[in-house]
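Proteins come first, then strands; the chains are lettered A, B, ... in the order of their sequence lines, and each starts at number 1.
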Amino acid sequence: MFRDAWLIVGKDLRIEMRSRVGLNQIVPFAVTVLVLFAFALDTDQEALRTYAPGLFWVTVLLAALLAIGRSFAVDLADGAADRLLLSGIDPIAVFGGKAVAIAVQLVVLEVLLGAGVVLLFDVTVHRYGLLVCAGLAAAAGVATAGTLYGALVAGLGVRETLLPVLLLPVVAPVLIGATRAFQDAFGVAGAEGWAWLGLLAGFAAIYGVFGALSYGALLEEA
Amino acid sequence: MTLLGRFPALAGVDLDITPGEIVLLKGPNGAGKTTLLRLCAGLCSLSTGQGWVLGHDLNSERRMVRRRVALLGHRTGLYDDLTVTENVAFWARAAGADSTDVYEALERLSLTGRLADTRVGRLSAGQRRRASIASLVVRRPELWLLDEPHAGLDQQSRDTVDTLVRGAATAGATVVLATHELERIAVLEPRVVSVVGGVVRADDPTDSQGPDASSDAEDDRRVS
């Protein structure tokens, strides 16, 4: 099963590297959103620093919608989704592979956007360990929930518009937990960062297990 | 019976196919040929009735069926941003085949040299079709389900497909294909089955192996 999961990871990441959709479209979109936030709050540098964690994670979630949609679009484009069903690959491996590939893209996006936040919003990182752990756990949570809901809407003609409506409320705990953890890491609020990290890890674990167990049935309906 | 939306795409299918047979599904557009092929691949569910493919129940063992069949549909099942070799290798690894099988398949479909390293998105429709067939060859399926296998192919590639079909049947695999190119397929001496309005009407009178299609289809709807 792990071999099959890595096969999916390799395929999805190779496609993203070749197509450069992430680099040429998703990253510029995310940076643009971040810059617009900076424009909107630019007269108040203190407010920018205070709200930087929340603005960062809202931007990540918006960009994640594009990455998740794209992950399923490449399978649906020319019938590869049917081939995946016929391939005999365990649905759990497909779920795991797609989730890991999305998480890797999100982590890369977080690194680039993190640099943007430091430059644009003039924030200083006080706790690097917490920052890294929260970034990874949040990416895992968004990727697992996103893979699950991406499969849920994959077979529908309205999937591009339905995915945000379904997914954003579901990942609200990730937004809250990651924002609090980053506030602690940036030293802009007295949040208990490590406690919020627990929430992020729990969310990722729950959606990881739930997604793995239900993915086969979702693929059947897609 | 299989439903597409509210409408029965197939109703009244009574068809037995023995291993090694080449079966031609003949019928007008929208008759249900594609649905029948997808049903045999385990991609559609039966709304009512029973069916078995390669000994597996289509109601409860569709995953087992899928591992053993190859379906060439209207779409290629390939990724535009991967090269021909990468696509074929991906599906080969997914099926547990090795790199020798990949190069053998590419060779059989004349997809060697520069073509093998070209991204699928940059290929012509015929080349994409050949790459799609190559990605099925590596699976070594026991049941081939081919929907318009000659579509978009040049003469040489059509001959290659015919050779492949004949070779698969000789090796003991079963081939079910739907095509409008009846004259071309006639050389393969297939058993001809007519599908009209979602109903398998009858085996062709020239067929010497098929069952009597006039049997009571309403009582026993099955695909085995």
Between CG on residue B/Leu71 and CG on residue A/Leu85, distance to nearest 0.5 Å: 11.0 Å
Distance-only polar pair, side chains of A/Asp75 and B/Tyr79, donor-acceptor under 3.5 Å: yes
Qualifying residue, where the test is side-chain contact (heavy atoms from CB on, under 4.5 Å) with A/Ser19 and the options are B/Asp80, B/Leu82, B/Asp81: B/Asp81
Euclidean distance, B/Leu43 CG relative to A/Asp82 CG, rounded to 0.5 Å: 5.0 Å
Neighbour count above 12 (heavy atom, 6.0 Å) for A/Phe29 CZ: yes
Distance-minimising heavy-atom pair for A/Leu84 and B/Trp91: N-CH2, 3.6 Å
Exceeds 12 heavy-atom contacts within 6.0 angstrom, atom CZ of A/Arg20: no
Chain B interface, residue from A/Gly88, A/Ala80, A/Gly10 that has the most non-hydrogen pairs under 4.5 Å: A/Ala80
Spacing of CZ belonging to B/Arg66 relative to OG belonging to A/Ser87, to within rounding of 0.5 Å: 10.0 Å
Proximity breakdown for B/Arg139 and chain A, heavy-atom pairs closer than 4.5 Å: side chain
When B/Arg68, B/Arg38, B/Met64 are compared by non-hydrogen pairs under 4.5 Å with chain A, the top option: B/Arg38
Proximal component of A/Asp12, with respect to chain B [non-hydrogen, under 4.5 Å]: neither
Rounded distance (nearest 0.5 Å) linking atom CD1 of A/Ile89 with atom CZ of B/Arg93: 11.5 Å
Donor-acceptor side-chain pairing of A/Arg83 and B/Ser135 below 3.5 angstrom: yes
Separation of A/Arg14 CZ from B/Glu86 CD (nearest 0.5 Å): 4.5 Å
Flag if over 12 foreign heavy atoms under 6.0 Å of CD, B/Gln155: yes
B/Arg63 side chain to A/Leu86 backbone, donor-acceptor under 3.5 Å: no
